[in-house]
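Values below: every heavy atom of this structure, side chains too, minus hydrogens, waters and symmetry copies. No experiment lies behind these values; they were computed from the predicted model shown.
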Amino acid sequence: MSPTLTAPRRIVVVGGVAGGMSAAARARRLDESASIVVLEQSDYVSFANCGLPYHLSGEIVSRDALLLHTPESLRAALALDVRTGSRVTAIDRAARTVTVETADGTYDLPYDALLLAPGAVAVRPPVEGLDHPAVHQLRTVPDLDALTARVAALPADGPRRAVVVGAGFIGLEAVEALVARGLDVALVELADHVLPPLDAELAPLLADELAAHGVALHLGVSARAVTADDDGAALVTLSDGTRLPADVVVVNVGVRPASDLARDAGLELGARGAIRVDADQRTSDPHVWAVGDAVEVVHAVTGDTGPVPLAGPANRQGRRAADSMCGHRTTPQAAVLGTAIVRVFGLTAAVTGASQATLQRAGIAHEVVRIHPGHHAGYFPGAEQVHLVASFAPDGRLLGAQAVGRAGVDKRIDVLATALRAGMTADDLAELELAYAPPYGAAKDPVNMLGFVAQNVLDGTVPQWHPAELDEVRATSLVLDVRSRAEFARGHLPDALHVPHTELRGRLDEVRDAAAGRPVAVHCQSGVRSNIATRVLLQSGFDARNLSGGWLSLTSARPDLTRERTAS
């Protein structure tokens, strides 16, 4: 591609919000003399779309708090010419003009440098009746206004029922908001678990939290039709025949890049329809840059390319594009980790890097480590359990991590996202020096513990088995439960031999007789005590393995085991 342009006089930005406004603001700070025009087809050029569900819930009281800037404030602070209600319908790359359609007519606007920040558009699922007045989305301020008005119009003493279609990040936030507004909510998800980017073994924790707040889950099914009920409300029919009455229906099943303008202009697109850009956000035209949800990025772990619709990357891309347009030193686009977080009532779930499912699809060899530590020192009041799952390459490199818990999740995922960006290994995690005081963490932080456990697994000190291998293990091995008698009584596998880990050294002959030459599959509640037991057995001549994550991970990954959790 051509070298960076120098000091363009006319910069045109198509689209505001995160990427577009970041670029416009940065360009002004770099070039006070440039003419910078921002064209936004809606009435809102800069708003906090991530905050929309929290105004719906009432947690963010003022709607105005979501409107970060107006055309007037941007003109006053940054001398930007912001034109709302202005839709760009075409790009003439030869003439370097864009065609702008407004309520007053159409005109052509010239540019020296053009930035495209068109964002993404909601995927419209193949559901009949999406034009029913009860059906809403939650992506824009007008979406929020319409949905808020619909909820406010519901009678306080009558039916207040909602169906949310799509259990991704926005869908879960919508569920929480609608429950906060006093609605009875049903959640429909085509995948077999909520929050599909999360590993299936952690998702039951979120499902339990949703159920505890009265949310009815319909997983592994899709919405087929929305029809009018006898009382004027909606009736959502699912693929399994279930019919859900609803006064409000929120549909959020994903987005696709809004790249039609770029396509029509002949700009190069990727396989998934996103605008292809270089490391400085420049498109296949040297005078056109693109940022945000509409552009193609590279995933840091798998190397796959495609859109990643997240606010953080969009803001950084906007800054980078402005640097490139203005001839400033750039920080080239790094591969994207897809780090994301969501609150589900009292729980937090967060992800970074590649999930187990992603690694399996990509054919990338990895070992999975599971731990369940407290978010701070256990002896300090209020310690909450953090369920952490991480994947490591055979050479020790961290490939991805996920966490669910009531406290401390964001801190650990942010550290692990930083470790991923730095290419850290299990050894590096084990040696990280993190802030410690009893109210905040532990002397051996959960991140350190991930490193310790991964070291033991990768170097063969503690061989492990996984929850998904349970059926095979029960058929070929002796399952040894080394928890306390009280824990065992609360639920266990009926075919397991119970030997508390503190008694194991004196009962090795009993284990040897029960094993009868078979391998021994050890487990405790979280994997810590069974780690000790596995080392005892290995050094006593047994073929032993430790269950990764213990009974906590096993029963989360295999909820069918609840039928077996009875004392014999």
Side-chain angles (χ1 to χ4, degrees), residues 10-28 34-52 55 62-92 95-122 124 131 136-149 255-265 275 288-294 309 311 314-315 318 321-322:
R10 297 172 299 184
I11 298 173
V12 173
V13 177
V14 179
V17 198
M21 291 315 307
S22 291
R26 175 67 171 174
R28 171 58 72 223
S35 166
I36 304 175
V37 178
V38 180
L39 303 169
E40 169 57 46
Q41 64 181 352
S42 75
D43 293 331
Y44 303 95
V45 71
S46 182
F47 65 94
N49 50 2
C50 294
L52 300 181
H55 177 62
S62 172
R63 175 182 177 277
D64 290 345
L66 302 174
L67 307 180
L68 306 180
H69 292 286
T70 65
E72 294 74 24
S73 69
L74 290 166
R75 180 181 296 276
L78 294 167
L80 299 178
D81 181 359
V82 177
R83 306 177 188 180
T84 58
S86 299
R87 179 172 174 264
V88 175
T89 59
I91 302 169
D92 186 333
R96 293 187 206 163
T97 62
V98 294
T99 300
V100 187
E101 182 181 277
T102 72
D104 298 324
T106 300
Y107 64 94
D108 291 334
L109 181 68
Y111 66 82
D112 295 312
L114 175 64
L115 178 82
L116 301 180
V121 295
R124 186 178 175 89
D131 56 347
H136 296 267
Q137 296 177 346
L138 187 55
R139 282 187 50 79
T140 67
V141 174
D143 290 342
L144 171 68
D145 291 342
L147 181 53
T148 301
V255 297
R256 64 170 179 82
S259 55
D260 293 355
L261 181 65
R263 180 201 61 208
D264 294 345
I275 305 169
V288 183
W289 287 254
V291 301
D293 296 354
N315 275 283

Handout entry: Side-chain touch Thr70/Tyr44, heavy atoms, less than 4.5 angstrom
Key = no
Exercise for the section: Please list, chain by chain and in numerical order, all residues satisfying side chain to side chain donor-acceptor pair (under 3.5 Å) with Asp264, sequence neighbours excluded. Expected result: none
Fill in the blank from the handout: Tightest non-hydrogen contact, residues Ala322 and Ala23, listed as CB-O, 3.3 Å
Problem - Residue pair Val82 / Arg75, side-chain heavy-atom distance below 4.5 Å - result: no
Practice task
Would you mind reporting whether Leu66 and Leu52 have side-chain heavy atoms less than 4.5 Å apart?
Solution key: yes
Handout entry: Pairwise side-chain contact, Val100 with Leu39, heavy-atom cut-off 4.5 Å (strictly under)
Key = yes
Completion exercise
Value for CD1 (Ile11) from OH (Tyr111), rounded to nearest 0.5 Å, stands at 13.0 Å
Problem - Spacing of CZ belonging to Arg124 relative to CD belonging to Gln137, to within rounding of 0.5 Å - result: 8.0 Å
Problem - Val98 side chain near Asp108 side chain, heavy-atom distance below 4.5 Å - result: no
Completion exercise
Correct closest heavy-atom pair for Ala265 and Ile91 would be CB-CB, 3.8 Å
Exercise for the section: Would you tell me whether Asp143 and Thr140 have side-chain atoms, one donor and one acceptor, within less than 3.5 Å of each other? Expected result: yes
Problem - Heavy-atom closest pair, residues Leu74 and Met21 - result: CD1-CE, 3.4 Å
Problem - Nearest-0.5 Å distance, CG of residue Asp293 to CG of residue Asn49 - result: 8.0 Å
Exercise for the section: Work out which heavy atom in Pro110 is nearest to a heavy atom in Val12; give both atom names and the distance. Expected result: O-CG2, 3.6 Å
Handout entry: Between Asp43 and Thr84, a side-chain donor and acceptor under 3.5 Å
Key = no
